[in-house]
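Here's the structure, in C-alpha cells; my notes come after.
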Amino acid sequence: MIIAIDGTLASGKGTIATRLAAHYALPHMDTGRLYRATGVAAIQAGVALDDADGLAELASRLDPGIYNEAELRTAEAGIAASKVAALLPVRAALLELQRAFAHQATGAVLDGRDIGTIVCPDADVKLWVDADVETRATRRHRELATAGDTITLDEVLRQLEERDSRDRDRKDAPMKMAADAVLIDTTHLTIDAAVEKARAVVDAAKARQE
Ligand code: C5P
C-alpha cells in the first residue's frame with residue numbers, strides 16, 4: 001500500500017506520516033528532507049539558489065543521510081528548500097529516488113507537496129493536510145523557539161506566507177490537493193485526533209482492497 005500525504009507547512013503532515021508509518025509498519029520518506037538537503041548542500045558548496053543546472057547536479061548525487069536534523073530544520077534551510085524546489089531540473093533529479101522508494105515491495109508512506117499529484121498519482125491513499133495560517137505559524141514558531149531560534153512570531157508568519165505562495169504558484173509540480181485526496185484540517189484537532197482520522201481513511205481503503 002502506498003500512502004501519499006501532502007499539505008502545507010506546519011500542518012501536521014509530517015507527524016501524521018510518521019505515526020501512520022509506525023502503525024502500519026511501512027517505511028517512511030519525508031520528501032521535504034531531500035529539498036532541504038539540496039538547499040543546505042548548495043549553501044555549503046557556494047552554488048547559487050537559482051543556478052538550476054548546478055543545483056540539479058548537486059541533487060543528483062545527494063546523500064541526505066549526511067545532514068543532521070538540526071541543520072535541515074532551520075528557517076534558512078526551509079527557505080532554501082522552497083527556492084531550489086521551484087526549479088524543474090532539481091525536481092527531476094529527485095523524482096526517481098522518491099518513486100523507487102514508493103514502489104518497494106513493502107509499500108510506503110511518503111509526505112511532501114506533490115506526492116499525490118506527481119510522484120505517486122497511483123497511490124492507494126491520498127491525504128491533504130492543512131490548517132489555517134495563524135495556527136501553522138504559531139506551531140512553527142514554537143518549534144523554532146524550542147530549537148533556540150529567537151525569530152518572532154510575525155516573522156515566522158511572514159516567511160510561511162511567502163513560502164506557501166512560492167510552493168503554490170510555481171510552474172512545475174505546484175503544491176495542490178489531488179482531486180482524489182481526502183482533506184484533514186488540523187486547525188482544531190489534537191495530533192492524536194488528526195492521526196485517528198487519517199487511520200480511518202487508510203482502514204477504509206484497506207477494507208475496499210480486501
Ligand atoms: O515539508 P518541508 O517544509 O520540509 O519542505 C521544504 C520545502 O521543500 C517546501 O517548502 C517545498 O518547497 C519543497 N518540497 C516540494 N515537494 C515535496 C516536498 C517538499 O517542493 N514533495
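Values below: every heavy atom of this structure, side chains too, minus hydrogens, waters and symmetry copies. For ligands, and for the atoms within them, numbers begin at 1 and follow the listed sequence.
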Check each atom of ligand 1 against the heavy atoms of Leu9 and keep those under 4.0 Å away; list them by number with element. 3 (O)
Using a 4.0 Å cutoff against the non-hydrogen atoms of Arg91, which atoms of ligand 1 qualify? 15 (C), 16 (N), 20 (O)
Is the shortest side-chain N to carboxylate O distance from Asp30 to Arg73 below 4.0 Å? yes
Against heavy atoms of Ala81, which atoms of ligand 1 measure under 4.0 Å? 6 (C), 7 (C), 8 (O)
Do any nitrogen or oxygen atoms of Asp167 lie less than 3.5 angstrom from nitrogen or oxygen atoms of ligand 1? yes
Note the single closest protein heavy atom to atom 3 (O) of ligand 1, along with its residue, its atom name and the distance in Å. Arg36 NH2, 2.9 Å
Donor-acceptor pairs are to be reported for all side-chain atoms of residues 101-109 against protein atoms at under 3.5 Å, with residues two or more places apart or in another chain.
unit_1: His103; atom_1: ND1; unit_2: Arg99; atom_2: O; d: 3.0
unit_1: His103; atom_1: NE2; unit_2: Asp122; atom_2: OD2; d: 3.3
unit_1: Gln104; atom_1: NE2; unit_2: Phe101; atom_2: O; d: 2.8

Nearest-contact summary for atom 14 (N) of ligand 1 - protein heavy atom, Å: Tyr35 CD1, 3.6 Å
What is the closest protein heavy atom to atom 13 (C) of ligand 1, and at what distance does it sit? Ala85 CB, 3.6 Å
Passing option when Arg113 is tested against Asp172, Asp6, Asp167 for salt bridge (charged side-chain N to carboxylate O under 4.0 Å, His left out): Asp167
In ligand 1, which numbered atoms sit nearer than 4.0 Å to a non-hydrogen atom of Asp114? 16 (N), 17 (C), 21 (N)
Identify the closest protein heavy atom to atom 6 (C) of ligand 1: which residue and atom is it, and at what distance? Arg163 NH1, 3.5 Å
So if I count the atoms of ligand 1 from 1 in the order they appear, which ones are less than 4.0 Å from some heavy atom of Lys13? 1 (O)
Using the salt bridge (charged side-chain N to carboxylate O under 4.0 Å, His left out) rule, collect all pairs that involve residues 145-154, keeping only residues at least two apart or in two chains. none
